[in-house]
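By convention in this document, chain letters (A, B, ...) are assigned in the order of the sequence lines, proteins followed by strands, and residues within each chain are numbered from 1. Predicted model, so just to flag it, every value in this text is computed and none were measured.
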Amino acid sequence: MAATYDPERIETKWQEVWEREETFFAPNPTAEEPASGEGPGSTYVLEMFPYPSGSAHMGHVKNYTMGDVVARYRRHKGQRVLHPMGYDAFGLNSENVAIQTGEHPAAFTERAISTINRQLRRLGVAIDWSRELATCRPDYYKWTQWLFIQFYNKGLAYKKEAPVNWCPSCQTVLANEQVIQGVCERCDSAVEAKKLRQWFFRITDYAERLLADFDKLESWPERVITMQRNWIGRSEGAEVVFTVGEHEITVFTTRPDTLFGATFFILAPEHPLVDELVQGSVYEAEVRSYVVAAMGMSAIDRASTEKEKTGVFTGRHAVNPVNGALIPIYIADYVLMDYGTGAIMAVPGHDERDYAFARKYGLPVVEVIESPAEFKDDAGELTAAYAGDGLLVNSGRFDGLPKTEGIRAVTEWLREQGKADFAVNYKLRDWLLSRQRYWGCPIPIVYCETCGETAVPEEQLPLLLPEIRDYAPKGKSPLAAAEHWINTTCPTCGGAATRDPDTMDTFVDSSWYYLRYASPWRDDVAFDRAAVDYWLPVDQYIGGVEHAILHLMYSRFFTKVLYDLGLVGFEEPFRNLFTQGMIYYKGAKMSKSKGNVVNPDEHVARYGADSLRSYIMFMGPGESDVEWNDKGIEGTFRFLTRVWRQVTEAIDAGLFASTAPRRLPDETALTPRMRGLVVKTNQVIEKVTMDIAERFHFNTALAAIMELNNEITAFRGSAEDEEFGRTQDEAAVLAVATETLVRLLEPFAPHLGAELWEMMGRERVWDEPWPVADPRFLAHETVELAVQVNGRVRDRVTVPAAASREDVLAAAKQVPGVAKHLDGMSLVKEIVVPGKLVNLVVR
RNA sequence: GCGGGUGUGGCGGAAUGGCAGACGCGCAUGAUUUAGGAUCAUGUGUCUUUGACGUGGAGGUUCGAGUCCUCUCACCCGCACCA
């Protein structure tokens with residue numbers, strides 16, 4: 001009598017084996033091996049590495065199980081699989097803990113890392129643990145600094161003073177990407193504008209390639225591409241020069257065709273010319289107070305589209321280059337300094353915002369694109385801005401041209417006069433990477449009074465974080481107060497110098513970790529080129545959609561820069577991307593504050609890792625959000641228990657007495673009942689393979705495996721005398737089906753798979769080749785077709801699978817439920833869908 | 001406002017334009033008589049049940065629509081004064 005299913009026992013047993021044997025160690029290629037990772041030889045499966053904030057949650061379980069199923073499957077397919085793990089370990093969480101408790105962030109972080117590490121091992125994830133890394137360790141951030149210096153030397157990292165997003169609660173600046181509708185993405189505080197000198201990466205130089213190279217991706221979710229495309233926000237148009245006294249002010253517009261309708265001109269409150277334009281005029285006081293008010297406004301208030309448009313006249317006028325008209329210049333806060341040039345020409349007739357402003361301040365509205373009647377009142381006056389297509393009117397020599405031709409013609413005409421040119425503008429801003437916080441990668445730059453700004457020499461890296469006592473941010477980096485550290489000597493002249501007090505955005509750390517995995521043990525290079533050439537780009541990347549813009553766009557940018565530096569041979573880091581959905585509980589995203597967190601450890605303890613993994617895979621398609629259900633995991637546990645019983649009983653009955661794989665009897669020896677199980681076995685192989693390899697639909701793969709298990713049970717039940725079939729042939733069919741069941745289930749429930757396989761007298765299920773469906777057995781010999789009359793199912797008919805159309809029709813017409821409906825009618829049309837149905841159309 | 005997505009039993013969810021509801025949960029009845037979280041069998045969309053109706057709603061294309069097209073409603077996600 002076999003033991004009952006005891007997940008705890010078998011799971012720890014196999015985890016120890018995998019650890020001891022280093023089963024999932026992925027060796028780098030040796031010098032003799034081909035350097036290229038192309039083809040089926042090698043594959044790189046990667047899940048987004050966790051941020052060690054405490055312990056792993058259900059989202060992690062889903063993420064790492066999905067990757068594990070893919071990694072184990074690919075190993076079965078004979079590929080050498082790189083499946084590493086690490087920790088995104090710098091960041092605010094540990095630092096906030098430090099502020100509260102005084103514990104060093106490193107100590108807290110390492111503790112959180114070991115917790116997550118233990119949890120992942122307990123889940124049985126097939127990881128090459130020899131490549132484990134953490135971004136907060138000096139052996140890693142040394143190379144983050146080195147990469148920063150490479151960017152710096154190429155002019156791609158630069159410092160500038162600019163209005164930046166300041167989070168008053170985090171006490172640090174934020175990248176544009178980290179501001180969500182005017183609030184900090186971490187803490188929801190309203191972001192303030194602040195003028196600071198900060199480090200930036202010149203990601204805008206790569207805007208065009210970030211857009212163009214979507215073509216180089218094999219399979220990414222369309223919505224991620226769309227989000228990035230919108231974020232980059234490319235618009236084509238023209239830059240047009242307006243003259244204001246002795247000044248020339250350039251505007252960007254996507255609608256140069258409407259230039260004749262520009263009836264006023266607006267500058268952003270922050271525009272550098274504002275002061276000078278109003279200096280000494282009667283308008284000065286009013287303008288200045290408007291500017292102060294606008295700049296003091298919170299980002300959310302200012303950005304609100306609900307808010308009524310406000311502005312103030314400067315008393316000055318600009319010359320419209322198309323007709324020499326003098327148009328009044330206003331200051332208005334709906335014009336943003338950080339898009340375009342911070343100045344616009346306002347065309348109220350064809351821009352909603354300008355229309356609202358014009359109506360409020362009584363400015364003229366001119367129709368320059370022929371607008372539909374519903375945009376006008378009885379007098380022909382525009383009652384709303386018309387932004388659609390149409391022919392130019394009131395535009396002098398350009399009248400009658402359609403919109404797109406107008407754009408080209410007007411721009412070309414002005415270009416000849418040196419007053420305009422075609423231009424492309426992006427919403428994307430340079431990536432602000434300075435953070436006024438302690439727990440991050442120090443910026444390897446020193447400032448010398450005589451030599452200026454200098455990079456720390458490479459041989460002095462890593463530039464280590466100093467020990468400090470007070471982690472609390474006070475509007476500037478805690479490092480600024482670490483005097484022994486901040487004061488240094490200039491590497492060039494040896495004179496007094498200071499270090500940069502800021503640390504890097506943690507997205508810098510995570511923008512290259514997938515490269516470090518190729519050779520994390522190398523202390524002389526950031527990564528080993530041969531190993532990178534062998535493994536990368538990542539064949540399958542899996543993670544949450546919340547990184548659609550930030551991490552994924554920054555990593556693409558990094559890869560392109562490294563490509564330009566000749567450090568890597570590819571321009572896109574992640575060939576295929578899969579974005580997983582979230583796990584909800586009680587209708588909401590799990591979170592500590594809502595008190596609806598389901599702890600994975602409890603379920604592992606109760607049902608085992610295999611049940612938890614399988615249930616999470618079974619809950620729904622990987623990409624969709626799903627609701628956790630405590631009863632659901634019980635059902636999955638019961639299923640695994642049924643499989644356990646099914647297989648151990650078969651073993652006890654001597655089905656696997658020989659250690660050689662069981663072979664099917666000759667096809668001619670198969671009874672219909674036996675053939676039925678053989679066909680089911682092969683169909684399920686086909687289905688599971690497709691679902692794992694092509695569709696990422698693990699829920700339906702498991703459903704198919706459950707069906708196979710049910711079919712095996714039924715087969716046994718139908719062998720009346722002896723439980724395991726009365727003939728050798730039946731036993732063989734049953735053995736093959738049972739063996740297949742274990743192998744197909746193994747990527748989901750690897751411990752159960754390993755244990756049952758061993759009990760069957762075999763070894764190392766993880767190295768077994770993946771089952772291949774036999775095309776002879778993918779279809780039954782007879783098929784049951786639905787027979788419809790006028791589209792309604794009236795009866796069914798069973799015919800040989802190979803029956804001709806004529807035979808099928810003849811049979812279909814004779815079945816009673818159909819004949820009844822054909823009586824007295826004339827047949828108009830006959831449709832036969834092989835293997836599916838027959839539809840007879842009658843009148 | 002713009003862009004994207006999703007709507008199917010009591011629940012999670014299945015369905016290359018071809019028998020809607022696979023698989024699982026839950027529930028019901030029965031069997032075992034139950035010390036282990038059970039197990040096994042059968043059933044389980046709705047209704048006025050010889051049949052009809054059913055995939056948010058209304059139209060359309062088609063022999064045939066959950067699936068394609070048009071309009072519409074609800075919810076979710078992203079962006080949001082981007083000139």
Side-chain angles (χ1 to χ4, degrees), chain A residues 4 180-182 221-231 233-235 237 251-255 258 262 266 268 302-307 309 332-336 338-347 350-354 356-357 387 425-429 545-546 548-549 581-582 606-607 615 618-621 623-639 641-642 645 687 697 699-707 709-710 713 717 784-796 820 828-842:
Chain A
T4 52
I180 313 294
Q181 287 170 29
E222 203 49 50
R223 67 174 177 143
V224 173
I225 293 176
T226 304
M227 280 166 73
Q228 289 200 8
R229 188 169 275 137
N230 292 343
W231 187 261
R234 180 181 199 276
S235 344
V251 302
F252 173 75
T253 176
T254 54
R255 296 295 304 277
T258 63
I266 306 181
R302 167 129 181 221
S304 168
T305 46
E306 316 296 294
K307 178 172 76 87
K309 305 253 174 297
D333 64 8
Y334 78 90
V335 174
L336 309 173
D338 67 359
Y339 182 78
T341 60
I344 65 161
M345 63 174 206
V347 183
H350 306 284
D351 180 284
E352 237 176 86
R353 298 152 300 175
D354 298 344
F357 192 87
N425 209 2
Y426 301 92
K427 276 163 66 177
L428 183 69
R429 303 267 64 88
V545 75
E546 64 273 19
I549 295 175
M582 280 189 300
R606 194 160 174 190
Y607 303 104
Y615 173 54
F618 185 63
M619 284 171 85
E623 68 271 24
S624 47
D625 294 341
V626 286
E627 173 90 12
W628 176 268
N629 177 353
D630 284 317
K631 291 286 183 191
I633 185 169
E634 252 176 66
T636 310
F637 172 73
R638 283 206 294 268
F639 163 65
T641 307
R642 280 198 295 273
R645 202 182 313 125
K687 170 83 178 149
H697 278 199
N699 57 330
T700 50
L702 277 163
I705 295 168
M706 288 173 182
E707 285 184 50
N709 188 49
N710 293 346
T713 308
E784 192 187 52
L785 304 182
V787 185
Q788 300 178 329
V789 177
N790 287 349
R792 285 171 189 272
V793 178
R794 295 301 180 181
D795 209 338
R796 282 146 221 289
K820 192 165 67 178
V828 180
K829 194 165 182 177
E830 298 164 331
I831 292 130
V832 177
V833 183
K836 298 278 186 186
L837 59 64
V838 174
N839 188 12
L840 303 169
V841 185
V842 297

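Note on R645(A): a side-chain N or O is less than 4.0 Å away from OP1 or OP2 of C40(B). Proximity of R223(A) to the phosphate of C76(B): no side-chain N or O atom is located under 4.0 Å from OP1 or OP2.
Among the protein residues, S624(A) comes within range of no part of the nucleic acid, since none of its heavy atoms lies under 4.0 Å from any strand. Backbone-only contact: R794(A) has heavy atoms under 4.0 Å from sugar-phosphate atoms and none from a base. Among the protein residues, E830(A) comes within range of no part of the nucleic acid, since none of its heavy atoms lies under 4.0 Å from any strand. Within the 4.0 angstrom heavy-atom criterion, base atoms lie near V833(A). Residue contacts for Y607(A): at a heavy-atom cut-off of 4.0 Å it reaches a base atom on one of the strands shown. Heavy atoms of V335(A) sit under 4.0 angstrom from at least one base atom.
In this structure, R642(A) and N709(A) have side chains that are in contact, with non-hydrogen atoms separated by less than 4.5 Å. The shortest distance between side-chain heavy atoms of T253(A) and M345(A) falls below 4.5 Å. Counting only heavy atoms from C-beta outward, the side chains of V789(A) and V842(A) approach each other to under 4.5 Å. Residues V793(A) and L837(A) have side chains not in contact (no heavy-atom distance under 4.5 Å, counting atoms from C-beta outward).
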What nitrogen or oxygen pairs link the protein and nucleotides 63-66 of chain B at under 3.5 Å?
from, atom 1, to, atom 2, distance (Å)
C63(B), OP1, K829(A), NZ, 3.4
C63(B), O2', N839(A), ND2, 3.4
C63(B), O2, N839(A), ND2, 2.5

Taking only nitrogen or oxygen atoms into account, show me every contact under 3.5 Å that the protein makes with nucleotides 22-30 of chain B, one pair per line with its distance.
from, atom 1, to, atom 2, distance (Å)
A22(B), O2', E707(A), OE2, 3.0
G24(B), OP1, N710(A), ND2, 3.2
C25(B), OP1, R638(A), NH2, 2.9
G26(B), OP2, R638(A), NH2, 3.0

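Taking atom CD of E546(A) as the reference point, atom P of G78(B) lies 10 Å away to the nearest angstrom. Computed from coordinates, the E627(A) CD to C76(B) P distance equals 15 Å when rounded to whole Å. Atom OH in Y339(A) sits about 13 Å away from atom C1' in A80(B), given to the nearest Å. In this structure, Y334(A) atom OH and A80(B) atom C1' are separated by 16 Å, rounded to whole Å.
For Y426(A) and W231(A), the gap between ring centers reaches or exceeds 6.0 Å.
Atoms CZ and CG, from F639(A) and N710(A) in turn, are 8.0 Å apart once rounded to the nearest 0.5 Å. Atom NZ of K687(A) is separated from atom CD of E707(A) by 9.0 Å, given to the nearest 0.5 angstrom.
Closest approach of M582(A) and D625(A) over heavy atoms only: N-OD1, 2.7 Å.
With its glycosidic angle within 90° of 0, G9(B) is assigned syn.
In this structure, K309(A) forms a cation-pi arrangement with Y334(A), its terminal cationic atom sitting closer than 6.0 Å to the ring centre and no more than 45° off the ring axis.
The R792(A) side chain lies nearest to A52(B) when the options are A83(B), C79(B), A52(B). Out of G3(B), G36(B), C79(B), the shortest distance to the side chain of T4(A) is found at G36(B).
Inspection of the Y339(A) and S235(A) side chains reveals an N or O donor paired with an N or O acceptor under 3.5 Å.
Counting only distance, with no hydrogens or angles, the side chain of S624(A) and the backbone of G620(A) share no donor-acceptor pair below 3.5 Å. Side chain of N230(A) to backbone of G233(A): no donor-acceptor contact under 3.5 angstrom is found.
Taken together, the paired segments of RNA chain B that extend over three or more consecutive Watson-Crick or G-U pairs, each closer than 3.5 Å at both contacts, are B:1-7 with B:73-79, B:10-12 with B:23-25, B:26-31 with B:39-44, B:45-47 with B:51-53, B:56-60 with B:68-72.
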